[in-house]
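Reviewing the structure listed below.
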Amino acid sequence: MTAKMASKRILLGLTGGIAAYKSAQLARLLVKSGYDVRVAMTESACRFITPVTLQALSGQTAWTDLWDARIPDNMGHIELSRDRELIVVAPASANFMAKVVHGLADDLLTTLCLARDCPLMVAPAMNRQMWDNPATQRNAAQLRKDGVLFAGPDSGDQACGETGMGRMLEPEEIFEEIEAFFQPKVLAGRRVLVTAGPTVEPIDPVRGITNSSSGKMGYAIARAARQAGAQVTLVSGPTALATPAGVARIDVQSAQQMFDAVKKAVPAADIFIAVAAVADYRVASQAKQKIKKGDRKAGMTLELVENPDILGYVAKLPKPPFCVGFAAETEKLAAHAMEKRAKKGIPLLAANLAQHALGADDNEITLFDAKGEHLLGRGSKIDQARKLVAHVAAMLPRGKR
Ligand code: C5P
């Protein structure tokens, strides 16, 4: 665990709701990522999940009682949140939200919230009628006005058997909001367009030419940019990945479709990061019907024509956004990367060795700009993406929107 990670100190509060079982997973995700997680539970939360579970997962005492004799000076209501950087209440019940709105402090968790010196994030979880009730809506609006951060709720199937708004976000989604909270907002107010994944160049309606790009690096960059405060659009070839929270995704198949989507979105972008592994060639004439095995007895030859260079096009626009290119090489990384940066006429190029990057969860990127090369070291794709985003932010002209 790094010193920086250990500094992410959270108080995780649980109130009474069936979604409390999901908070065990949230605690696990946080601890695994190096967060210091202190847990406080209301009496009703303990009816749904035991403090022992949260204690085992957080590796710390799960606090439940304002009058706990183990707190030496009986100042638990102040001390337990004093050194925290964020309080996250998940699930947050309608009752809890109402109490916070009015500054009530009749148990440990509400007292900690009232006496806090750090931001509060709530992940509401309740039956759809409780959420839609004007009282809850008034309370949610007031909490927002008071600067309380919201993670959800979502709509969908509820434990009570009904369907509607009020479902707690999944633990991974709440974790994402917490991660975003801790990232410096170096791209606040910027609009970022990212391409990611492979393209599929159709041969006939059921076959195509593609490559082994997983999309992981591009998705990590979209996620990091959004966590850094940017408004992010992701133009993606076919991948098996979930859309990063808060990112607008446009799905495409072929290079031509990716080009069309980028042309449409690029006027509203300040930064363009081309991570997609775009096929350089497409099949000249796509068969309208599935090609049958015996159709071409003398063997089969595909005529290929060149695809548009999407990054090349964007970089040559009269007023281009800040352009970042990617280069996956198999050898002579620096030489090829510098040549590519110059050829494309872009300020920044991120290069990696294809054999280290394709499909992997880790990567080792080297950045090339006018000042030379910058090694990002080896790390997870999200760590590399955050470093890349920080580098981009530092290169942007100040005040440019
Ligand atoms: O050398 P190459 O043109 O493949 O450079 C790779 C970079 O250019 C990547 O950033 C890739 O996303 C982008 N690219 C593109 N359109 C293409 C080919 C590559 O945007 N048709």
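As the structure lists them, so they are numbered: ligands from 1, and atoms in each ligand from 1.
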Discussion item. Does K263 qualify as a cation-pi partner of F259, given the criterion of NZ or CZ under 6.0 Å from the six-membered ring centre and within 45 degrees of its axis?
Written reply: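 Yes - K263 lies over the ring of F259, closer than 6.0 Å to its centre and within 45° of its axis.
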Item to complete: Would you kindly check if the NZ (Lys) or CZ (Arg) of R9 is within the cone defined by 45 degrees around the ring axis of Y35 and under 6.0 Å from the six-membered ring centre?
Response: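 The answer is no; the distance or angle limit is not met.
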Worksheet item: Who are the side-chain contact (heavy atoms from CB on, under 4.5 Å) partners of T64, not counting sequence neighbours?
Response: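 Expected list: M41, C46, P51.
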Discussion item. Please state which option from F326, Y281, Y313, F259 has its nearest heavy atom closest to atom 9 (C) of ligand 1.
Written reply: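 The residue whose heavy atom sits nearest atom 9 (C) of ligand 1 is F326.
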Discussion item. Could you work out, for atom 16 (N) of ligand 1, the closest of D280, I346, I310 by heavy-atom distance?
Written reply: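 Selected option, by shortest heavy-atom distance: I310.
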List the closest protein heavy-atom neighbour of [atom]: residue, atom name, distance to the nearest 0.1 Å.
atom                    : result
atom 10 (O) of ligand 1 : A274 O, 2.6 Å
atom 4 (O) of ligand 1  : K340 NZ, 4.1 Å
atom 18 (C) of ligand 1 : V278 CB, 3.7 Å
atom 21 (N) of ligand 1 : P308 O, 2.8 Å
atom 3 (O) of ligand 1  : K344 NZ, 2.6 Å

Check whether any N or O atom of [X], backbone or side chain, sits under 3.5 Å from an N or O atom of ligand 1, and answer yes or no.
X    : result
A327 : no
G325 : no
L311 : yes

Worksheet item: Among the heavy atoms of D309, does any lie under 4.0 Å from an atom of ligand 1?
Response: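 The answer is yes, since D309 has a heavy atom less than 4.0 Å from ligand 1.
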Fill in: Sub-4.0 Å heavy-atom contact, A276 with ligand 1
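In this structure, A276 qualifies as a contact of ligand 1 - some heavy atom is under 4.0 Å.
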Worksheet entry | R82 and D117 ion-paired at < 4.0 Å |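 Here R82 does not pair with D117 in a salt bridge, since their nearest N and O are not under 4.0 Å apart.
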Item to complete: May I ask you to say whether E179 pairs ionically with R386, meaning some side-chain N is under 4.0 Å from a carboxylate O?
Response: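 Answer for the salt bridge query: yes.
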Discussion item. By the side-chain hydrogen bond (donor to acceptor under 3.5 Å, both in side chains) test, which pairs, at least two apart or in different chains, include something from residues 37-46?
Written reply: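 Sorted result for residues 37-46: R38-D83.
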Worksheet item: Taking the side chain as C-beta and beyond, is there a heavy-atom pair between L66 and D107 under 4.5 Å?
Response: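 No, every pair of side-chain atoms sits at 4.5 Å or beyond.
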Worksheet item: Side chains of Q289 and D204: does their closest heavy-atom pair fall under 4.5 Å?
Response: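 No - every pair of side-chain heavy atoms lies 4.5 Å or more apart.
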